[in-house]
*Asks:* 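Structure incoming, see below.
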Amino acid sequence: MASDELAKKLQSRLAATQETEPRPEPKHSPVQPKPQEADGACGDSSSELSAILTRRQDINEGNAAPRLTRVFNPYTEFKEFSRKQIKDMEMMFKRYDTGKDGFIDLMELKLMMEKLGAPQTHLGLKNMIKEVDEDFDGKLSFREFLLIFRRAAAGELQEESGLMALARLSEINVSTEGVMGAKDFFEAKMQALSLGSKFEAEIREEKEERKRQEEDKKERQAAFKQLQSTFCS
């Protein structure tokens with residue numbers, strides 16, 4: 001009996017000793033980044049930095065205009081167009097801005113020209129954007145879109161160019177406000193005032209004509225009543 005109790009005590013003491021001893025932790029090899037992922041990240045960062053430095057150099061040398069951050073008001077900047085014309089241009093711009101990001105990119109311009117019935121080549125589309133792309137971002141803002149119609153109205157676009165086809169096929173009449181292909185904005189405004197004065201003169205003539213007709217009608221009615229009273233007396 002004594003030997004059994006001694007054996008149990010030894011076993012319990014051995015078990016307690018094993019529990020208190022620290023167990024060796026499994027060794028894990030450090031995770032090494034994949035060479036391709038590391039190289040790709042470095043490549044993206046370097047290309048972005050290179051693009052930023054290149055653009056900054058172009059701005060400093062006068063080859064690129066810095067991006068404008070001011071608020072754009074089309075009604076005050078494009079005074080040669082009426083509010084209705086600008087609204088029509090805005091509706092057209094938003095219709096083809098399928099990405100809803102406030103710009104018309106190359107693919108959206110491609111779709112627009114196809115819908116208008118004047119499809120362009122890839123190089124032709126790039127040239128269309130380049131001709132009015134003031135901030136060199138490779139896409140059209142709404143202001144740059146309005147520049148197309150300003151230049152078309154001023155006769156500054158080549159007749160066979162893609163931008164001229166866009167302006168002509170858009171069904172937005174930019175000549176109704178007196179622009180008429182004028183080369184100068186003030187000349188256009190003078191033409192607009194001239195057309196407005198002519199329109200007002202025509203309205204006055206119509207009113208005077210109606211007034212004369214009413215007076216003639218009253219005179220005829222008075223003459224008829226006088227003749228009628230003569231026969232009845």
Side-chain angles (χ1 to χ4, degrees), residues 51-52 54-189 191-192:
I52 293 173
T54 301
R55 174 169 172 76
R56 176 54 55 189
Q57 183 178 359
D58 290 341
I59 293 174
N60 293 335
E61 294 176 355
N63 297 327
R67 293 184 175 89
L68 303 178
T69 57
R70 62 184 178 83
V71 177
F72 165 57
N73 188 336
Y75 302 108
T76 57
E77 186 168 347
F78 291 82
K79 295 180 180 180
E80 65 266 43
F81 299 132
S82 67
R83 293 182 67 87
K84 181 182 182 304
Q85 287 173 326
I86 293 179
K87 285 291 186 182
D88 291 342
M89 296 174 196
E90 185 178 14
M91 287 177 59
M92 181 180 181
F93 182 86
K94 290 182 177 180
R95 185 187 313 136
Y96 292 102
D97 177 21
T98 55
K100 306 302 179 186
D101 58 352
F103 296 92
I104 292 180
D105 58 23
L106 188 72
M107 295 307 297
E108 291 168 338
L109 182 61
K110 178 177 182 294
L111 175 63
M112 177 191 295
M113 298 308 295
E114 290 175 352
K115 292 286 187 180
L116 293 176
Q120 304 288 313
T121 63
H122 184 78
L123 181 60
L125 293 168
K126 292 182 69 174
N127 288 335
M128 288 175 64
I129 294 177
K130 184 178 179 180
E131 196 165 347
V132 291
D133 187 13
E134 293 187 328
D135 54 4
F136 299 93
D137 60 356
K139 51 190 176 181
L140 296 177
S141 64
F142 180 49
R143 184 184 183 280
E144 293 165 344
F145 187 70
L146 291 178
L147 288 177
I148 298 173
F149 295 93
R150 168 179 281 179
R151 297 185 62 182
E156 297 176 356
L157 297 178
Q158 296 182 2
E159 191 64 26
E160 302 300 326
S161 67
L163 292 183
M164 192 65 189
L166 189 157
R168 186 188 303 113
L169 297 173
S170 65
E171 298 182 356
I172 298 175
N173 187 2
V174 296
S175 66
T176 56
E177 296 301 311
V179 177
M180 298 295 201
K183 300 295 183 181
D184 184 81
F185 171 71
F186 296 102
E187 180 184 349
K189 295 301 291 183
Q191 292 182 17

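Owing to the predicted nature of the structure, the values given are computational and were not obtained by experimental measurement.
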*Asks:* What heavy-atom pair brings Pro74 and Ile86 nearest, and what distance separates the two atoms?
*Replies:*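 Between these two residues, the closest heavy atoms are O-CD1, 3.5 Å.
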
*Asks:* Could you grab the distance from atom CD of Glu160 to atom CG of Leu163, nearest 0.5 Å is fine?
*Replies:* 13.0 Å

*Asks:* Show me, pair by pair, the donor-acceptor contacts under 3.5 angstrom made by side chains of residues 101-109, not counting sequence neighbours?
*Replies:*
| residue | atom | partner | partner atom | Å |
| --- | --- | --- | --- | --- |
| Asp101 | OD1 | Phe103 | N | 3.1 |
| Asp105 | OD1 | Met107 | N | 3.3 |
| Asp105 | OD1 | Glu108 | N | 2.8 |
| Glu108 | OE1 | Asp105 | N | 3.0 |
| Glu108 | OE2 | Thr98 | N | 3.2 |
| Glu108 | OE2 | Thr98 | OG1 | 3.1 |
| Glu108 | OE2 | Gly99 | N | 2.8 |

*Asks:* Looking at every heavy atom in both Lys87 and Tyr75, which two are closest together, and how far apart are they?
*Replies:*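 Reported closest heavy-atom pair: CE-OH, 3.0 Å.
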
*Asks:* Between CG of Leu166 and CE of Met113, what distance do you get to the nearest 0.5 Å?
*Replies:* 5.0 Å

*Asks:* Does Lys139 have any side-chain hydrogen bond (donor to acceptor under 3.5 Å, both in side chains) partners at least two apart in sequence or in another chain, and if so, which?
*Replies:*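 With neighbours one apart ignored, the set is empty.
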
*Asks:* With sequence neighbours excluded, what pairs up with Lys84 under the side chain to side chain contact (heavy atoms under 4.5 Å, CB included) test?
*Replies:*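 Counting only residues at least two positions away or on another chain, Lys84 forms a side chain to side chain contact (heavy atoms under 4.5 Å, CB included) with Ser82, Asp88.
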
*Asks:* What are the two closest non-hydrogen atoms of Phe78 and Arg143, and how far apart are they?
*Replies:* CZ-O, 3.9 Å

*Asks:* Would you call Glu156 and Arg150 a salt bridge, taking side-chain N to carboxylate O under 4.0 Å as the test?
*Replies:*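 Between Arg150 and Glu156 there is no salt bridge, as every charged N stays at least 4.0 Å from the carboxylate O atoms.
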
*Asks:* Got a sec: does the NZ of Lys130 have more than 12 other heavy atoms crowding it under 6.0 Å?
*Replies:* no

*Asks:* Let me confirm one number: the NZ-NZ distance from Lys100 to Lys94, rounded to the nearest 0.5 Å.
*Replies:* 8.5 Å

*Asks:* Measure across Val132 and Glu144 and return the closest heavy-atom pair with its distance rounded to 0.1 Å.
*Replies:*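 Of all heavy-atom pairs spanning Val132 and Glu144, the closest is O-CG, 3.3 Å.
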
*Asks:* Does Arg168 have any side-chain hydrogen bond (donor to acceptor under 3.5 Å, both in side chains) partners at least two apart in sequence or in another chain, and if so, which?
*Replies:* Glu159

*Asks:* Just how far is it from atom CE of Met128 to atom CG of Leu157, taken to the nearest 0.5 Å?
*Replies:*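 It is 9.5 Å, given to the nearest 0.5 Å.
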
*Asks:* By ring-ring contact (aromatic ring centres under 6.0 Å, His included), which residues pair with Phe145, not counting sequence neighbours?
*Replies:* Phe93, Phe149

*Asks:* Show every side-chain hydrogen bond (donor to acceptor under 3.5 Å, both in side chains) that has at least one partner inside residues 113-128, sequence neighbours left out.
*Replies:* Lys110-Glu114

*Asks:* When rounded to the nearest 0.5 angstrom, what distance separates CG in Leu146 from CD in Glu77?
*Replies:*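 Between Leu146 CG and Glu77 CD, I get 8.5 Å after rounding to 0.5 Å.
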
*Asks:* Using 0.5 Å steps for rounding, measure from the CG atom of Leu140 to the CG atom of Leu147.
*Replies:* 9.5 Å

*Asks:* So which atom in Ala118 and which in Leu169 form the shortest heavy-atom distance, rounded to 0.1 Å?
*Replies:* CB-CD1, 3.7 Å

